[in-house]
Amino acid sequence: MTILKARLDDSNYQKLMAIKNTALHNFIAKYVELCNPREVFVASDLPGDIDYIRKTAIKLGEERELAIDGHTIHFDGNQDQARDQKNTNFLLPRDTKLGPNINSVDKEKGLVEITSILKNIMRGKMLFVQFFCLGPLNSEFSMSAVQLTDSSYVAHSQNLLYRQGYQQFKKLGNSGAFFKFVHSAGELVGGVSKNIDWRRIYIDTQEDIVYSMNTQYGGNTIGHKKLAMRLAINKASEQHWLTEHMFVMGIHGPKGRISYFTGAFPSLCGKTSTSMLSGESIVGDDIAYIRKMGEEIRAVNVEKGMFGIIQGINSKDDPLIWKALNSPGEIIVSNILLTKDKDVYWVDKDGKIPERGINYSGEWTPGKTDANGNKIPASHRNARFTLSLKLLENLDPELDNPQGVIVKGIIYGGRDSDTWVPVEEAFDWTHGIITKGASLESETTAAALGKEGIRKFNPMANLAFLSIPVGKYIENNLKFGAGVKKPPFIFSVNYFLKDEKGNFINDKNDKSVWLKWMELRVNKEIGAIKSPSGYLPEYKDLKALFKTVLNKDYSQDDYLKQFTLRIPQNLAKIERIVNIYKTKVPDTPEILFETLHQQKKRLEELKAKQGDYVSPLTLARC
Ligand code: SPV
Ligand code: MN
């Protein structure tokens with residue numbers, strides 16, 4: 001403790017010592033000594049400490065105040081606008097293997113590099129020590145976590161996104177595990193990380209610690225977000241629960257009934273927009289912990305805020321976020337355009353593009369190009385807003401319930417132009433986990449090259465964050481639901497089907513109807529049609545829902561366009577997925593191949609009888 005006593009002033013030392021946890025003290029002392037900050041600020045849960053961090057971010061220039069009261073803007077470096085997958089590695093002891101899909105380095109070598117990068121990295125800077133609780137407080141779900149960072153922007157973001165945990169640490173005392181994060185933005189030039197070549201993120205699941213260095217972008221630095229998620233996936237695997245890249249939302253059914261659903265979608269597949277649909281309520285938009293409690297499966301939002309993509313937010317499609325972004329309140333925006341009157345602009349915002357401003361590329365005017373002659377947009381496509389969910393009118397009252405919410409349905413949302421129908425229910429848990437979650441793909445269009453959509457395999461939308469081998473993760477999911485009497489129903493959605501001319505065949509707001517249909521299904525209030533790949537909605541039910549939910553006349557023609565079974569495309573998908581698991585996932589559970597094989601057989605049998613494209617009207621109701 002001599003280091004802490006020597007390096008912390010009295011008030012900060014007392015705050016830290018009020019937490020009687022030797023492992024915590026040792027951890028902090030080790031990195032104070034190595035990183036060598038000028039001063040250390042220990043944050044309690046008190047409003048004064050929280051406010052001090054925000055004010056410091058403004059004072060140090062990491063954030064600038066905007067015209068709307070409470071709003072600030074932060075810029076990450078031009079080359080530091082997204083998660084750095086390549087330099088994110090697990091530290092692995094020699095005898096451990098995570099398989100070919102997960103980046104790792106030898107732990108001993110990694111630690112040598114970490115020590116050399118961190119040595120004196122905080123010289124002249126302030127180190128913030130923060131305590132949080134992942135999941136609700138006083139709950140079986142609660143996970144304690146401590147963050148060390150020399151970035152007031154990162155510290156401020158965390159205060160918006162996570163529940164304060166100083167008091168919880170005090171209660172914890174010397175017992176119990178906690179996650180640890182060490183972050184340094186490294187040397188700053190013009191307010192942004194200079195040594196991007198030395199940007200490194202190392203995850204050590206043995207020690208529950210993550211190191212993040214020479215970067216500022218939130219996905220690389222906000223310890224409690226995707227860095228903690230990787231630690232939690234490993235923890236959940238050891239303890240037989242699940243950590244998922246999922247929203248949690250309440251779907252509002254008839255007579256005031258609310259049924260809770262979770263949903264996993266790869267990026268740009270409609271995850272946040274689904275969780276924010278009008279008429280429903282949001283518990284969380286990104287990360288869920290899911291546990292068995294008695295006969296039920298329950299979920300919580302790990303976070304209490306949103307770090308969302310700002311591009312395309314407008315008053316018509318996203319009225320609730322739009323309202324928050326245009327009202328006073330504590331919000332950080334990043335990597336969008338700042339004008340001289342402290343206003344901001346992002347791509348596809350309502351209103352006119354300003355004639356000039358500053359963005360992540362420096363001084364900006366419309367038409368500005370980069371070194372390769374490519375146009376630089378007003379805002380980066382991964383530019384973000386950060387806010388606490390309490391700023392949103394549709395926040396669900398269960399956010400902080402220590403018991404979480406009962407999960408009645410799980411949605412896996414893919415993006416393809418020609419295969420999956422807009423909504424479909426799996427036959428059972430195993431069928432859903434395998435043919436929907438583990439078979440999730442999202443299609444990109446390589447427009448510049450004129451190529452067709454490239455489908456990216458992304459099981460449970462969680463591939464980038466897995467800290468255990470893919471096959472083991474699928475196996476854990478299968479086992480999790482198998483032991484439950486009434487597991488949640490599993491659905492797939494696809495908002496991106498196109499016709500032969502390449503036009504979308506659904507409206508953006510049709511997803512409201514799919515949600516209401518799923519809500520009725522999990523409560524066993526309506527029937528369905530049995531297809532080889534799952535249960536499909538009946539025309540009459542959708543027609544009624546389109547009328548009540550959207551006041552739209554839904555024609556049988558539209559229904560047939562959307563729900564006709566595309567057998568050749570579904571067979572091709574099965575072949576693709578089987579091939580990926582055969583060649584890239586050595587520990588695939590055998591039941592995955594068996595389940596996909598059965599589905600293939602059912603599709604082929606129907607094809608032999610009815611041809612390639614089968615109308616749902618010809619299939620049996622059940
Ligand atoms: C995502 O990319 O899935 C996000 C943003 O939620 S990040 O924090 O970068 O992961
Ligand atoms: Mn995410």
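When a ligand or atom number is given, it counts from 1 through the structure's own listing order.
- A salt bridge is absent between D350 and K316: the closest approach of a Lys/Arg side-chain nitrogen to an acidic carboxylate oxygen does not fall below 4.0 angstrom.
- The backbone N or O of I287 sits nowhere less than 3.5 Å from a side-chain atom of E244 that would complete a donor-acceptor pair.
- For ligand 1, the atoms lying closer than 4.0 Å to a non-hydrogen atom of H245 are 3 (O).
- Atom NE2 is the N/O/S atom of H245 found closest to the Mn ion (ligand 2).
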Ring pair (Phe, Tyr, Trp, His ring centres under 6.0 Å), that's the test. Do F178 and F169 meet it? Break it down for me. CA-CA 9 Å; F178 55 94; F169 262 90; 5.5 Å; yes

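- Ring centroids of Y153 and F75 are separated by 6.0 Å or more, keeping the two rings apart.
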> Can you check side-chain hydrogen bond (donor to acceptor under 3.5 Å, both in side chains) on S281 and N394, steps first, answer last?
Replying inline: CA-CA 5 Å; S281 48; N394 58 334; over 6 Å; no

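- Atoms of ligand 1 found under 4.0 Å from any heavy atom of F307 (numbered from 1 in listed order, with element): 8 (O).
- Those atoms of ligand 1 that come under 4.0 Å of a heavy atom in Y217, given as number and element, are 5 (C), 7 (S), 9 (O).
- Backbone or side-chain N, O or S atoms of K226 reach the Mn ion (ligand 2) at under 2.8 Å.
- Aromatic ring centroids of Y289 and W241 lie under 6.0 Å apart.
- A cation-pi contact, defined as under 6.0 Å to the ring centre and within 45° of the axis, is absent between K408 and F489.
- Within the listing of ligand 1, atoms 1 (C), 2 (O), 3 (O), 7 (S), 9 (O), 10 (O) sit less than 4.0 angstrom from a heavy atom of R83.
- Those atoms of ligand 1 that come under 4.0 Å of a heavy atom in D286, given as number and element, are 6 (O).
- For atom 4 (C) of ligand 1, the closest non-hydrogen atom of the protein is K226 NZ, 3.1 Å.
- The nearest N/O/S atom of D286 to the Mn ion (ligand 2) is OD1.
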